[in-house]
Amino acid sequence: MRLKFGFHAPSLALVAIAMLSSSAFAADEAVKVGLVTRTDSNPFFVKLREDAQAYAKTAGAEIVAITGKTHDDAAGQVAAIEDLTALGVKGILVTPSDAEALNDAIAKARAAGILVIALDGRVSPDSAVDATFATDNLQAGVLQGQWVRAALGDTAPRVALVDGTRGTVSTRERHDGFLKGFGLQEGAPEIIAQQNISNQAEAQTALENFFQKDPTINAIYTVYEPAAVSAHAVTSALGLAGKVAIGSIDGSCDGIKAVAAGQVGATVVQFPGKMAELGVQAVVDYARTGAKPSGFIDSGAVLVTDKPFEGIASQNSAWGLKNCW
């Protein structure tokens, strides 16, 4: 874990200021906002943190950023939430690595009067946090599933699923959405292979194993774009480039470039900057007025492809390159 105060360790004076009670809060005082992301190895979370820091400067806030070691570092996120609670921040924004493992630490933070908002993914139950600002991951999965199924045309589907970190709500929602959009039931015979992965290296290995066992796979669901790039690499090495429908979700600039190059058929863009802005502003509003957000707020999802199909709303890669992260 790495504690970041504008990329510097906090001074004792800064800690003391941050621990002032809400009754002593001054209107011109910077609002301390804790941000707990899953890892620095994924550019999505890097972008979310950078946008949160940039927006904080305009909103009268200061970000206290703590980054996990891996995508599934739930223990590290628990420790981060506990540290931020002790520090006395006004709000904590967290991209949860597990649906339930953070709940006790979140409950303690809320009991201390700290606003807690989930970004990018849900916790379970939703009421464990004050609010969630995130992509509607179920809908994002639906969009990917619709496109991949349309790309197959009349060809009988032979589907491989590259899922994300086991236990996260976003992994389950994207998976379920893809099946819904594609028109498949869980465990359907058209699903040839399936594996949970937590990084691109695992995705590469999983895909190589999939095709070794069954080279007839013609459609690949990927939970995020690094896995889709691996899918392209594996299919290209097997002489199957352009013959396998590959879809994904994320909206990184590298991912959109892969779509523009024809390596990935389609991806679904999400908007980390909007999540960050909504989250920081909510904490500032809470600090200034006591107002709390509630429920799920959808930050948007847009299908991007240069091979559109009638009846499936999408934008092209040129639009994607203007709106990527």
Side-chain angles (χ1 to χ4, degrees), residues 43-44 135-164 173-184 188 190-194 200 203-204 207 210-211 214-271 300-325:
F44 178 90
T135 305
D136 183 341
N137 282 296
L138 185 70
Q139 177 60 17
V142 166
L143 291 170
Q144 184 188 162
Q146 289 175 336
W147 185 91
V148 173
R149 183 65 188 92
L152 290 179
D154 295 331
T155 303
R158 307 277 293 172
V159 183
L161 306 176
V162 181
D163 283 307
E173 289 180 337
R174 292 183 182 191
H175 172 99
D176 291 349
F178 176 84
L179 296 185
K180 180 179 178 181
F182 196 100
L184 290 174
E190 292 88 350
I191 301 173
I192 307 304
Q194 179 178 353
Q200 188 171 6
Q204 181 90 13
L207 286 155
F210 290 170
F211 278 94
D214 193 325
T216 68
I217 292 168
N218 58 16
I220 302 175
Y221 157 80
T222 60
V223 68
Y224 54 55
E225 289 160 356
V229 172
S230 291
H232 169 71
V234 171
T235 54
S236 294
L238 295 172
L240 297 173
K243 299 178 182 179
V244 179
I246 302 172
S248 199
I249 300 171
D250 260 350
S252 70
C253 293
D254 285 344
I256 300 299
K257 289 175 184 176
V259 171
Q263 298 172 348
V264 176
T267 192
V268 181
V269 176
Q270 51 181 344
F271 303 96
V302 176
L303 180 73
V304 169
T305 181
D306 288 332
K307 299 177 181 178
F309 294 102
E310 186 176 354
I312 305 174
S314 67
Q315 297 284 349
N316 61 24
S317 61
W319 180 95
L321 289 171
K322 294 177 181 178
N323 292 275
C324 61
W325 42 267

field: Side chains of V264 and E225 in contact at under 4.5 Å (non-hydrogen atoms)
entry: no
- request: Please check if the side chain of W325 supplies one atom and the backbone of G251 the other of a donor-acceptor pair under 3.5 Å.
  value: yes
task: Answer yes or no: is there a donor N or O on one side and an acceptor on the other, between the side chain of Q144 and the main chain of T222, under 3.5 Å?
output: yes
- request: Using modelled atom types only, decide if a donor and an acceptor are shared between the side chain of Q315 and the backbone of V302 within a distance under 3.5 Å.
  value: no
- prompt: Can you check whether F182 reaches L152 side chain to side chain, under 4.5 Å on heavy atoms?
  reply: yes
task: Could you tell me which non-hydrogen atom of I312 sits nearest to which non-hydrogen atom of Q146, and how far apart they are?
output: CD1-O, 3.5 Å
- request: Search all heavy atoms of V162 against all heavy atoms of A203 and return the closest pair with its distance.
  value: CG1-CB, 4.3 Å
task: Using modelled atom types only, decide if a donor and an acceptor are shared between the side chain of N218 and the backbone of A156 within a distance under 3.5 Å.
output: yes
query: Between N137 and T135, is any side-chain donor less than 3.5 angstrom from a side-chain acceptor?
result: no
task: Determine the minimum heavy-atom distance between Q194 and D163, stating which atoms define it.
output: NE2-OD2, 3.2 Å
query: Any donor and acceptor pair, going by atom type alone, linking the side chain of W147 with main-chain N or O of A245 inside 3.5 Å?
result: no
field: Side chain to side chain, H175 and V223, heavy atoms closer than 4.5 Å
entry: no
- prompt: Any donor and acceptor pair, going by atom type alone, linking the side chain of Q200 with main-chain N or O of P226 inside 3.5 Å?
  reply: yes
query: Looking at L321 and C253, what are the two nearest heavy atoms and their distance?
result: CD2-O, 4.3 Å
message: Is it the case that the side chain of S314 and the backbone of L303 share a donor-acceptor pair, with hydrogens and angles ignored and the cut-off at 3.5 Å?
response: no
